[in-house]
Amino acid sequence: MKQLLILMVWLSSTAAFAQELPRRVYLGIRMENLTEDARKIMELPGKGGVLIADVLPQSTAEQAGFKKGDILLNLDTATMTSTSDVFAFLAGRQPGQLFSYRIRRTKKLIKGKNVFRAFPEERYKDLDVIYTETKSAAGQQRIIITRPRTARKLPVIAFIGGIGCYSLDFPFDSSRNEIRLLNTLARAGYICARLEKPGM
């Protein structure tokens, strides 16, 4: 209830609210662990390497020139031996941070440097999407607000995710049931506030 009151006070204010919670980094690859058979077929030396199964749009990987089928060997000095190594490495990085990489592409070693891009934000032609946050008992909590482009006061719907540890931030998938529901309500004249779980 306290969070909803804070949210309603914020919505009635015309002052800009500075975003303090950073966006996570967006490497933007689908990846797979390599089996021993795959290593033999690809003639890969050593135990390192993660297969890049796909490169996603607007991502750091796309910007760096990664290709589907590349083998990611290193990020900075860390050797990538599994997908969990990649996730662990990214957890400590911030958007705008410089990093180096080594990939293998058809038996050729490619080295480079790039800057981590931030995870994209949702954008719609007819709706405003605002990323902000509030303090909760568990720390800073992200709030994603979707609203019609109007200056008049509107009713607020607070949406809280169900059981499970997942985000309500879906910039690439507007077909998800939650997003379709909230966007339909916003277009009907409601302000919709998604309250992320702390840590998302």
Side-chain angles (χ1 to χ4, degrees), residues 19-122 131 133 136 138-142 144 160-179 194-200:
Q19 178 180 324
E20 293 178 12
L21 277 177
R23 302 289 285 159
R24 67 183 183 270
V25 299
Y26 179 46
L27 182 58
I29 59 172
R30 290 194 179 95
M31 53 189 169
E32 298 174 11
N33 291 324
L34 290 166
T35 64
E36 284 305 313
D37 287 339
R39 288 181 178 285
K40 288 176 184 175
I41 292 167
M42 295 178 182
E43 300 177 18
L44 293 173
K47 296 287 184 184
V50 173
L51 175 66
I52 298 175
D54 203 3
V55 177
L56 303 177
Q58 304 175 50
S59 67
T60 303
E62 183 183 64
Q63 178 177 273
F66 291 11
K67 304 287 184 192
K68 180 178 178 177
D70 286 349
I71 307 299
L72 178 60
L73 300 172
N74 295 87
L75 290 170
D76 288 341
T77 57
T79 301
M80 301 294 116
T81 59
S82 69
T83 58
S84 59
D85 289 340
V86 179
F87 288 123
F89 178 87
L90 297 176
R93 302 307 182 272
Q94 297 293 327
Q97 189 173 352
L98 182 69
F99 72 100
S100 61
Y101 61 86
R102 290 174 63 237
I103 59 174
R104 185 178 170 111
R105 181 178 295 156
T106 57
K107 300 183 182 180
K108 181 180 176 184
L109 185 64
I110 299 171
K111 299 178 183 180
K113 292 185 178 181
N114 216 290
V115 172
F116 282 118
R117 299 184 76 171
F119 195 67
E121 297 180 356
E122 288 180 42
Y131 288 77
E133 79 270 344
S136 71
Q140 291 292 89
Q141 187 171 353
R142 172 93 64 209
I144 305 170
I160 302 169
I163 297 171
C165 187
Y166 64 93
S167 174
L168 297 172
D169 190 5
F170 306 113
F172 300 115
D173 191 3
S174 59
S175 66
R176 288 186 65 99
N177 290 336
E178 300 99 322
I179 302 305
R194 280 172 264 169
L195 306 181
E196 288 269 68
K197 294 181 176 76
M200 290 294 104

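Numbers here simply count residues along the sequence, with the first being 1.
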> Looking at Arg23 and Pro120, what are the two nearest heavy atoms and their distance?
Replying inline: NH2-O, 2.6 Å

> Regarding Arg142 and the six-membered ring of Tyr131, is the cationic atom NZ or CZ under 6.0 Å from the ring centre and inside 45° of its axis?
Replying inline: no

> Side chains of Thr81 and Thr79: is there a donor and an acceptor less than 3.5 Å apart?
Replying inline: no

> Are any side-chain N or O atoms of Glu43 and backbone N or O atoms of Lys40, one a donor and one an acceptor, separated by less than 3.5 Å?
Replying inline: no

> How far does CG of Leu75 sit from CG of Leu90, to the nearest 0.5 angstrom?
Replying inline: 6.5 Å

> Which atom pair, heavy atoms only, marks the closest approach of Met31 to Val50?
Replying inline: CB-CG1, 3.6 Å

> From Glu32 CD over to Asp54 CG, what is the distance, rounded to the nearest 0.5 angstrom?
Replying inline: 10.0 Å

> Parallel under 30°, tilted from 30 to 60°, perpendicular over 60°: which one fits the rings of Phe99 and Phe116?
Replying inline: parallel

> Does Ser100 use its side chain to pair, donor to acceptor, with the backbone of Lys113 at less than 3.5 Å?
Replying inline: no

> Side chains of Leu27 and Val86: closer than 4.5 Å at any heavy-atom pair?
Replying inline: yes

>> Can you tell me how far apart CD (Glu178) and CG (Leu168) are? Round to the nearest 0.5 Å.
In response: 6.5 Å

> If only atom types and distance count, is the side chain of Gln141 paired as donor or acceptor with the main-chain N or O of Glu196 below 3.5 Å?
Replying inline: yes

> If you round to the nearest 0.5 Å, how far is CZ of Phe89 from OG of Ser84?
Replying inline: 14.0 Å

> For atom CZ of Arg105, is the number of surrounding heavy atoms from other residues, nucleotides or ligands below 6.0 Å larger than 12?
Replying inline: yes

>> Testing the basics here: between Ile29 and Leu72, what is the closest heavy-atom pair and its distance to 0.1 Å?
In response: CD1-CD2, 4.3 Å

> Can Arg194 and Glu122 be counted as an ion pair, charged N to O under 4.0 angstrom?
Replying inline: yes

> Does the cation-pi check pass for Arg24 over Tyr26, that is, NZ or CZ under 6.0 Å from the six-membered ring centre and within 45° of its axis?
Replying inline: no

> Going through the checks in order, is the side chain to side chain contact (heavy atoms under 4.5 Å, CB included) test met by Leu109 and Arg102?
Replying inline: CA-CA 7 Å; Leu109 185 64; Arg102 290 174 63 237; 3.7 Å; yes

> Under the 3.5 angstrom rule, does the side chain of Gln97 hit a backbone N or O of Arg93 as a donor-acceptor pair?
Replying inline: no

>> Is there a side chain to side chain contact (heavy atoms under 4.5 Å, CB included) between Ile103 and Phe66? Walk through the geometry before answering.
In response: CA-CA 8 Å; Ile103 59 174; Phe66 291 11; 4.3 Å; yes

> Are any non-hydrogen side-chain atoms of Met80 and Leu73 less than 4.5 angstrom apart?
Replying inline: no

>> Within the structure provided, determine whether Leu34 and Met42 are in side-chain contact (heavy-atom separation under 4.5 Å).
In response: yes

>> With side chain to side chain contact (heavy atoms under 4.5 Å, CB included) as the test, pick out the partner of Leu51 among Ile71, Asp70, Asn33, Leu44.
In response: Ile71

>> So which atom in Asp76 and which in Asn74 form the shortest heavy-atom distance, rounded to 0.1 Å?
In response: O-CB, 3.8 Å

